[in-house]
Amino acid sequence: MGGSRKISYCKAINEALIQEMERDPRVFTYGIGVPDHKRIFGSTDGLVERFGPERCFDTPLSEDAMTGFGLGAAINGLRPIHVHMRVDFMLLAMNQLANMVSSYRYASAGELSVPMVIRAIIGRGWGQSFQHSKTMHSCFAHIPGLRVVMPTTPAEAKGMLIASIREDSPVIFIEHRWLYYAEDEVPEEPFTLPLEKAAVLRPGKDITIVATSWMNIEALEAADILNKRHGVSAEIVNARAIAPLDDGVIVDSARKTGHCIVADNDWLHCGFSAEIAARVSEKCFGSLKSPVSRIGFAPAPCPCTRPLENCFYPSAVNIIKTAEKTLKLKEADLSEEVFYSYEHKFKGPF
Amino acid sequence: MGGSRKISYCKAINEALIQEMERDPRVFTYGIGVPDHKRIFGSTDGLVERFGPERCFDTPLSEDAMTGFGLGAAINGLRPIHVHMRVDFMLLAMNQLANMVSSYRYASAGELSVPMVIRAIIGRGWGQSFQHSKTMHSCFAHIPGLRVVMPTTPAEAKGMLIASIREDSPVIFIEHRWLYYAEDEVPEEPFTLPLEKAAVLRPGKDITIVATSWMNIEALEAADILNKRHGVSAEIVNARAIAPLDDGVIVDSARKTGHCIVADNDWLHCGFSAEIAARVSEKCFGSLKSPVSRIGFAPAPCPCTRPLENCFYPSAVNIIKTAEKTLKLKEADLSEEVFYSYEHKFKGPF
Amino acid sequence: MDKLNLELYKKLYLVRRAEEEIIKCYFDDEMKTPMHMSMGEEAIAVGICHALKDDDQVFGTYRSHAIYLAKTGDVEDFFAEIYGKDTALLKGKGGSMHLCSPDNGFMGSSAIVASAIPVAVGAAFANKMAGNGRIVTVFFGDGAIDEGVFWESLNAACLWKLPVIFVCEDNELAVHTPKSLRHGYRSISSIVADFNCRVFKEESTDVETIYRLAEKAIGAVRGSGGPCFLDLRYYRYLEHVGVSEDFKSGYRSREEFEKWRKKDPVEQQRKKLIKKRIKEEELDKIEDGIAERLINSMKAAQSAPFPGAGEIEKEVL
Amino acid sequence: MDKLNLELYKKLYLVRRAEEEIIKCYFDDEMKTPMHMSMGEEAIAVGICHALKDDDQVFGTYRSHAIYLAKTGDVEDFFAEIYGKDTALLKGKGGSMHLCSPDNGFMGSSAIVASAIPVAVGAAFANKMAGNGRIVTVFFGDGAIDEGVFWESLNAACLWKLPVIFVCEDNELAVHTPKSLRHGYRSISSIVADFNCRVFKEESTDVETIYRLAEKAIGAVRGSGGPCFLDLRYYRYLEHVGVSEDFKSGYRSREEFEKWRKKDPVEQQRKKLIKKRIKEEELDKIEDGIAERLINSMKAAQSAPFPGAGEIEKEVL
Ligand SMILES: Cc1ncc(C[n+]2csc(CCOP(=O)(O)OP(=O)(O)O)c2C)c(N)n1
Ligand SMILES: Cc1ncc(C[n+]2csc(CCOP(=O)(O)OP(=O)(O)O)c2C)c(N)n1
Ligand SMILES: [Mg+2]
Ligand SMILES: [Mg+2]
């Protein structure tokens, strides 16, 4: 067993790809721009050099056919990894995803399986507007036969990507662009993490914050401030598995704290936040001391201009204010707080 | 004002189309098979004869382009009605729906509007399997900028379709195939019903059943039996508006009865049922005497063979059993009950 | 004796007779699955599938009875599946529209128009990578070429020179809508020929002609490594879905049907054999043998058990 | 005096200079919107838009600075929008990728490749129904023709003979990927010509040539009622997104750029005017006038207020 060292989320993805492609010659990575010099923000670095253009290649701009293509390759024994620079482009492939990929195994009563990974990048870039800002995990998760995961930490990125590649059913693997630079301890050796379970990111006892993807970062900041300003100990549950979902960790936490906020990187209506709120409300009925609240995108297409973009995306501030309301605390004056506002660091385009 | 008479759901849709196309020359109806001799199960009867092939026409099998086509016609002043024989085919147009149709008005800051109706038929046909059995309302509803409605009664079909046609934003209008034969009183004159509100279908006081589309029919049957066997008075709230959703009627009912079951014509995970459960749990916190339960499709692609199909689709029996559990009643023996099992009447193909 | 033509006839007869048996029983309402019948297209299905090797692969549509039967040689599983029984490979999960028999090279069929086309292209890619020499053939209708994914798939196959044969089974109709109301061009063949793709066009209902054409196409694919496109015309005998005729509904004439009926692929081939001096009694015996197998497997399917409720959530992931 | 060529030059200069002003200020980081620059394609945008009438309509992509400016004549709103300000028509909701000015016939631009193409076809249908004689022109890149929806839209426009001009602005790249890695055919023009569509192909950077071509295409559309396809080549000067050069990244050479630079559409047109004996001082004055307008409107945009938070949920439905 090798040791571990701090690497970025991006590097963790890259390492998972290289180690799995090394281990298993059936794995290949493809998609628009995958081998170009930008290398999907660096995440596909070195693949084409190591594995050649047969196992790492660019495609026409044909998301729908390229998804079906992966499906065909998968049922014939390969293990495709299809990459989308933006999850929004997967909407062009919704038919293949929901009518074909999701049901091919079922349609063959298990004679054929679909070991396919679809990597999609999400996230607030920088003035991206309404066509480059969706998350869509709830829509994918709604379709039985598709796995959906959203790793937050570098170790999750590596462990869950390896698990996804080794998995025999299709996995939609959703990566937040802003997390690419996050660094943390990641084992050098290949390893896997479960694809169906949430994980406690920060233990606490007074209130549960269930967060997806980047919202975990906002939740960590919120938890610090809640602790500092109110002495509140928030437990953050990282909902890294979207579907299928073993909700045990989430339900246990909410039952323990009696309060639950869901902070999703998405719109609320009919979203994953509703699923969590529904399950927590049902399974913790009687143990909850307050109703479950939800935080997410503003109910609008994402606008371009910065001040409106700031209103669109939920943040640590929203979490703090919601927690204060939930716990009936006096609103802290946050004007002195310096928030980790990533958008100031991030220079365009995306 | 004319009177009203009993007509079928199908005829109600047809009447709405004819009256609105008569009233407003900008309205046109198009889609695969719209003017052919089957007339979308009769719902487009007489249109091509009355309004000619310029306002009622067939199209190539190109759902994606045909959706964009409707959008283009709408922003240029027409009022298209696009028809899909199966909602599943709309998945091919998901990009146009979620990236274009939903945001065009926003993208023009209101300079352009999108008075477009998309009619889509859903519903258990008859051995239709996994590619002709989805509902998808939750996925459409998740996208801000799209209206989604699911009328259940003939009067709703007419009133909501007319309202949809007159509405300046895009409406996805979802019709259950089995409801086509339902007959009820419908006013002769054109009239509109609100697009954002639920309606009490059957008043009651002991438990609330929130149902969508065909599940209202199942709920009515369940309510009869619950009354007969347990003396339970169930209130059925017909969730005919999916997005945007004014949840007032639903919340009021659940608060009043203290018990709530959501019976959705769909999968549960990240579905509309989760949204209702989340809202009711939050807004009725403290007034609920039991957790909100959800009933929907089995978490699998829809199988073809009848016995498995029967397991896939939720029914009155599921509602009764859930209500018994919720209200802590002894399970009634239902073996003597004759259920209105539409699938025995319905002969293929769809 | 002309063994080839006899073999082709056996398959033609099997396909036709299987559907005739379906028609006989369909109104018993025990096959609860929407039937899109192949009648009229048998020469295409049999001609091509007979030219393919056992381990070559085929993808189809909801209208796949003919290609399924011609490719797999299976009958027992077929009936069990359309009766929705536990004894079928798919245990009735698929039904008539979703036949699948991977071991026999039948890789599945889809009821969303055109949606199997890119899957076939990906399957061909895997075969090319494996160097196994297998050819993938994907069948679809003249409606499927309206869909964008057809063009995307064609482009990709041509770009990457993949061993795939696109077979457009052109009955000039999508449900009831003629090509003239759907196509903004004269000839799909001439368009596809401008891609890096060999194109073969044929209107014959003679199975041997189709078989020879398929051999040529297969040779071209093996030679070039790249795709072929077959533009083949036939006449759909029955309604779009269901087992009845529909000449009274007004969108097409019985006269047209009668013209095609004169060159019916099955009868024509029978006549050819008799001309080639195969004895009629011999043919009768062969036909009876096939019919017996069909009827027996149908009976077996009828009396087989349904799958248990537990099946529903199996094989989802 | 050659009024046409002068008018064309004014527009060319406006477009080029507007983008130069953007480059100057972009690193101030106040225009928080991804810039896909038009530099290199000015002749296409100006040549075509100048041939269109005011009430003809245009749809574009995320790379629409040139066609927006050439079609609308607007500058003030343009800068206010890319600065995300309340004074812009869209109040910054769209940004650089989603310009829109319906009153000036600029009907919107989309950042999902190819997705405006069917919308343009539908808009053309509405115009045809209204009998208003308007022509719709939709601009897209050589990447957009990879997408199925392009083919579906082309087919529909040809089928229904709609008054729409498809303009493929071919820079041979989709982001960094050359056509050779994306297209399974030699020539899109010859394929499209097999549809019921007139095709015009041109590689010139001379704006007058493009203008004449556009006139021809417009004439053809008005004459036949049906669509045209323009296959026009240009060279993208800058990186795919962003305002810098990227010849060092290895996927293309500076030499190629230099070749195109020699026939730069703006400089070439200036030279042509001087050859036609327009005085250089006169041109200088015209250019200064344009520059002044640009700089002033840019300043106005910089100092304009941002929209209030309440804007976010307006105009959703
Ligand atoms: C994407 C999609 N759109 C519409 C349908 C409904 N539909 C089923 S079959 C069919 C016609 C297909 O025609 P064609 O491809 O020529 O095949 P054929 O039935 O003639 O064999 C249509 C429109 C569908 N199944 N899938
Ligand atoms: C459907 C879709 N897929 C991928 C992308 C990412 N993307 C943005 S621009 C682009 C290249 C487009 O090339 P082309 O159409 O030639 O236009 P150009 O940028 O050369 O003007 C790609 C792949 C996108 N925006 N939309
Ligand atoms: Mg056909
Ligand atoms: Mg390009």
Side-chain angles (χ1 to χ4, degrees), chain A residues 63-64 88-89 91-100 102-103 106-107 129-131 134 136-145 242-245 262 266-286 288 290-294 297-301 303, chain B residues 63-64 88-89 91-100 102-103 106-107 129-131 134 136-145 242-245 262 266-286 288 290-294 297-301 303:
Chain A
E63 286 82 358
D64 192 14
D88 309 66
F89 309 154
L91 291 166
L92 283 85
M94 199 67 185
N95 177 56
Q96 282 294 324
L97 292 168
N99 279 326
M100 301 291 288
S102 62
S103 51
Y106 200 75
S129 319
F130 40 88
Q131 292 180 330
K134 297 185 193 63
M136 297 306 298
H137 53 300
S138 76
C139 291
F140 304 136
H142 187 58
I143 310 293
I242 309 298
L245 168 64
V262 189
D266 196 9
W267 292 298
L268 298 181
H269 194 60
C270 298
F272 180 69
S273 66
E275 183 64 34
I276 297 301
R279 292 202 194 190
V280 167
S281 299
E282 183 185 353
K283 299 192 179 179
C284 305
F285 192 80
L288 287 181
S290 66
V292 181
S293 330
R294 298 189 276 158
F297 295 167
Chain B
E63 285 82 358
D64 192 14
D88 308 68
F89 309 153
L91 291 166
L92 282 86
M94 199 66 185
N95 177 56
Q96 282 294 324
L97 291 168
N99 280 326
M100 301 290 288
S102 62
S103 50
Y106 200 75
S129 318
F130 39 88
Q131 292 179 330
K134 297 184 193 65
M136 299 304 299
H137 53 300
S138 76
C139 291
F140 303 137
H142 187 59
I143 309 293
I242 309 297
L245 167 63
V262 189
D266 196 10
W267 292 298
L268 298 182
H269 194 61
C270 298
F272 179 69
S273 67
E275 183 65 34
I276 298 301
R279 291 201 195 190
V280 168
S281 299
E282 183 186 352
K283 299 192 179 181
C284 305
F285 193 80
L288 288 180
S290 67
V292 181
S293 327
R294 297 189 275 157
F297 295 167

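Labels below follow one simple rule: chain letters A, B, ... track the order of the sequence lines, proteins then strands, and each chain is numbered from 1.
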Side-chain donor or acceptor of Glu275(A) paired with backbone N/O of Ala274(B) under 3.5 Å: no
Can you say whether [X] sits under 4.5 Å from chain A via the side chain, the backbone, both, or neither, judging by heavy atoms?
| X | answer |
| --- | --- |
| Leu288(B) | both |
| Lys134(B) | side chain |
| Asp266(B) | side chain |
| Ala93(B) | neither |

Rounded to the nearest 0.5 Å, how far does [atom2] of [Y] lie from [atom1] of [X]?
| X | Y | atom1 | atom2 | result |
| --- | --- | --- | --- | --- |
| His269(B) | Ile143(A) | NE2 | CD1 | 11.0 Å |
| His142(B) | Cys270(A) | NE2 | SG | 8.5 Å |
| Leu91(A) | Met100(B) | CG | CE | 12.5 Å |
| Asn99(A) | Leu92(B) | CG | CG | 7.5 Å |
| Glu282(A) | Ser293(B) | CD | OG | 5.5 Å |

Among the listed options Lys283(A), Arg279(A), Gln96(A), the residue most often paired with chain B at heavy-atom distances under 4.5 Å: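 Max contact count across the listed options: Arg279(A).
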Heavy-atom pair count under 4.5 Å with chain A, highest-scoring of Ala298(B), Ser290(B), Ser281(B):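 Looking at each of Ala298(B), Ser290(B), Ser281(B) in turn, Ser290(B) comes out on top.
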For chain A, find which of Ser102(B), Ala141(B), Pro299(B) contributes the most heavy-atom pairs closer than 4.5 angstrom.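 Going by pairs under 4.5 Å, I would pick Ala141(B).
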Does any backbone or side-chain atom of Tyr106(A) lie under 4.5 Å from a heavy atom of chain B? Answer side chain, backbone, both or neither. side chain
Give, as side chain, backbone, both or neither, the part of Pro244(A) having an atom under 4.5 angstrom from any heavy atom of chain B.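 Answer is neither: Pro244(A) stays 4.5 Å or more from chain B.
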